[in-house]
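Just so you know, these numbers come straight off a predicted model, no measurement behind them. Values below: all heavy atoms of this structure, side chains included; hydrogens, waters and symmetry mates excluded.
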Amino acid sequence: MANKSDVRRRRFGVAMLGTAVLLLLLGETVLAERLRHFPWFALVYWLSCFGFVFAAILVALLDWLIVHKRSKAEHRHLIKETWENIASQQDDRKPPGSEAP
């Protein structure tokens with residue numbers, strides 16, 4: 001179940017990726033002529049586009065790590081709970097008087 005921080009992190013990642021796509025589209029259409037005439041502006045522009053893509057990748061990796069850690073903890077909890085249930089069921093099945101004095 002996603003909590004508020006998961007939603008916030010995923011929205012931030014989508015915003016980073018959306019900004020990168022917008023910059024890519026603008027750079028290839030509307031700003032294409034300006035970018036050809038001003039190489040320094042083009043360099044800064046495309047580096048910023050790359051920066052947004054890199055930020056989106058980092059957010060995705062961070063999200064994956066958090067989900068993986070949470071999944072691992074839940075897996076351990078379920079195994080522990082299952083073993084406890086099995087042990088309690090075995091204790092209930094012992095015939096009366098079978099315990100050591």
Salt bridge (Lys or Arg N to Asp or Glu O under 4.0 Å) partners for Arg34, two or more places apart:
none
Leu43 side chain reached by Leu47 side chain, heavy atoms, under 4.5 Å:
yes
Rest of the hydrophobic cluster containing Leu26 (Ile/Leu/Val/Met/Phe/Trp/Tyr, side-chain heavy atoms under 4.5 Å)?
Phe12, Met16, Leu22, Leu23, Leu24, Val30, Leu31, Leu35, Phe38, Phe41, Tyr45, Trp46, Phe52, Val59
Are Asp6 and Arg9 close enough that some pair of their side-chain heavy atoms sits under 4.5 Å apart?
yes
Is there a side-chain contact between Leu65 and Arg70 in this structure, where contact means two heavy atoms from C-beta onward sitting under 4.5 Å apart?
no
Sequence neighbours excluded, every pair satisfying salt bridge (charged side-chain N to carboxylate O under 4.0 Å, His left out) that has a member inside residues 71-81:
none
Please list all pairs passing the ring pair (Phe, Tyr, Trp, His ring centres under 6.0 Å) test where one or both residues lie in residues 62-87, with sequence neighbours left out.
Trp64-His68
Of all the heavy-atom pairs spanning Ala56 and Gly13, show the shortest one and how long it is.
CB-O, 4.0 Å
Give me the other members of the hydrophobic cluster that Val53 sits in, counting Ile, Leu, Val, Met, Phe, Trp and Tyr linked by side-chain heavy atoms under 4.5 Å, directly or via other members.
Ile57, Leu61
When you measure from the side chain of Thr82 to the backbone N and O of Leu78, does any donor-acceptor pair fall under 3.5 Å?
yes
My understanding is that only residues two or more places apart in sequence, or in another chain, count here; which of them pass side chain to side chain donor-acceptor pair (under 3.5 Å) with Ser5?
Asn3
Nearest heavy atoms of Ala20 and Cys49, plus distance in Å
O-SG, 3.6 Å
